[in-house]
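A, B, ... follow the sequence lines: proteins, then strands. Residue 1 opens every chain.
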Amino acid sequence: DAKTTQPPSMDCAEGRAANLPCNHSTISGNEYVYWYRQIHSQGPQYIIHGLKNNETNEMASLIITEDRKSSTLILPHATLRDTAVYYCIVRVAWRGSTLGRLYFGRGTQLTVWP
Amino acid sequence: DAGVIQSPRHEVTEMGQEVTLRCKPISGHNSLFWYRQTMMRGLELLIYFNNNVPIDDSGMPEDRFSAKMPNASFSTLKIQPSEPRDSAVYFCASSLYEIRSGANYGYTFGSGTRLTVV
């Protein structure tokens, strides 16, 4: 299974961009990169996912390097409500199908301060 | 859409008792997952279903744990007998997986059940 490596913690000033890095050097060609976050005592929340192209939605942007060995989640204007644990996950293929289960690591604790 | 609904939100039980956790996935989703979260081990995948069929239960810790999905709108996770080390937050998640395209959309998690076994 492809592993991911994230810094255990980061902080960011409110209103500034938060850039959360993730390394996934063993990712294979058919594996997607997913990002989730978990606000204290709540269930994880889906943010964004991508395969090789950069992606953007109303919550964040995902930048994936050309060799796909790393990615960065960007929260363009962080708010206090973005304080959470952010998980970078590589989706595992199963029996050749693209149905996969998600394995969560320890993630990055992002603290946004006023 | 009410999202993924789990019950109960909190459960306190005595060691040796049977515990049943319940989950109602989002209507139309065909994949369902049970996770457990503790401080020591983080989020662990216990089991997942596709079209009501258990696909992989390798994460189920031992025979005391069992999960069922009798229909597309309901799943249970049962612990019998419960032990203090089972204390954790148990999350249920669902997603839509399209076999033809291989597309797998983001998982939606419930609010979790906080289980305390004393």
Side-chain angles (χ1 to χ4, degrees), chain A residues 1-9 28-53 55-62 73 84-109, chain B residues 2-7 9-10 21 23 25-26 29-51 53-60 88-114:
Chain A
D1 296 352
K3 304 292 185 187
T4 63
T5 304
Q6 299 178 255
S9 64
S28 61
N30 64 345
E31 291 179 320
Y32 287 74
V33 180
Y34 280 79
W35 282 84
Y36 282 75
R37 72 179 182 184
Q38 187 175 24
I39 297 171
H40 181 62
S41 77
Q42 298 181 19
Q45 176 190 23
Y46 166 80
I47 301 174
I48 198 167
H49 74 283
L51 183 62
K52 58 177 68 174
N53 297 322
E55 302 287 345
T56 296
N57 63 20
E58 65 278 5
M59 290 182 68
S61 295
L62 173 61
L73 179 75
V85 177
Y86 287 76
Y87 297 98
C88 169
I89 304 159
V90 171
R91 193 184 73 193
V92 179
W94 179 79
R95 290 188 183 177
S97 77
T98 54
L99 171 63
R101 52 203 182 278
L102 294 181
Y103 287 109
F104 290 78
R106 287 297 184 174
T108 297
Q109 170 67 59
Chain B
V4 175
I5 300 173
Q6 292 186 246
S7 63
R9 287 297 308 274
H10 302 274
L21 310 181
C23 175
I26 289 176
H29 281 189
N30 59 1
S31 297
L32 183 139
F33 306 79
W34 282 100
Y35 284 84
R36 177 173 69 176
Q37 186 171 35
T38 61
M39 287 293 292
M40 289 291 292
R41 302 174 68 91
L43 269 165
E44 302 175 276
L45 175 65
L46 300 178
I47 185 172
Y48 75 94
F49 296 83
N50 184 244
N51 293 324
V53 176
I55 301 300
D56 185 356
D57 65 354
S58 61
M60 297 286 262
V89 180
Y90 290 81
F91 289 104
C92 175
S94 71
S95 73
L96 175 63
Y97 169 64
E98 293 183 344
I99 294 177
R100 182 183 305 176
S101 66
N104 193 318
Y105 300 92
Y107 294 33
T108 301
F109 281 77
S111 299
T113 294
R114 181 173 296 277

Trainee: Is it the backbone or the side chain of Gln6(B) that comes under 4.5 Å from a heavy atom of chain A, or both, or neither?
Mentor: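 Looking at Gln6(B), nothing touches chain A.
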Trainee: Can you name the closest pair of heavy atoms from Tyr87(A) and Gln37(B) and give their distance?
Mentor: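 Where Tyr87(A) meets Gln37(B) most closely, the heavy atoms are OH-NE2, 3.6 Å.
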Trainee: Closest heavy-atom contact between Gln38(A) and Leu43(B)?
Mentor: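 Reported closest heavy-atom pair: OE1-CD1, 4.1 Å.
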Trainee: OH/Tyr107(B) to OH/Tyr36(A) distance, rounded to the nearest 0.5 angstrom?
Mentor: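 Between Tyr107(B) OH and Tyr36(A) OH, I get 6.5 Å after rounding to 0.5 Å.
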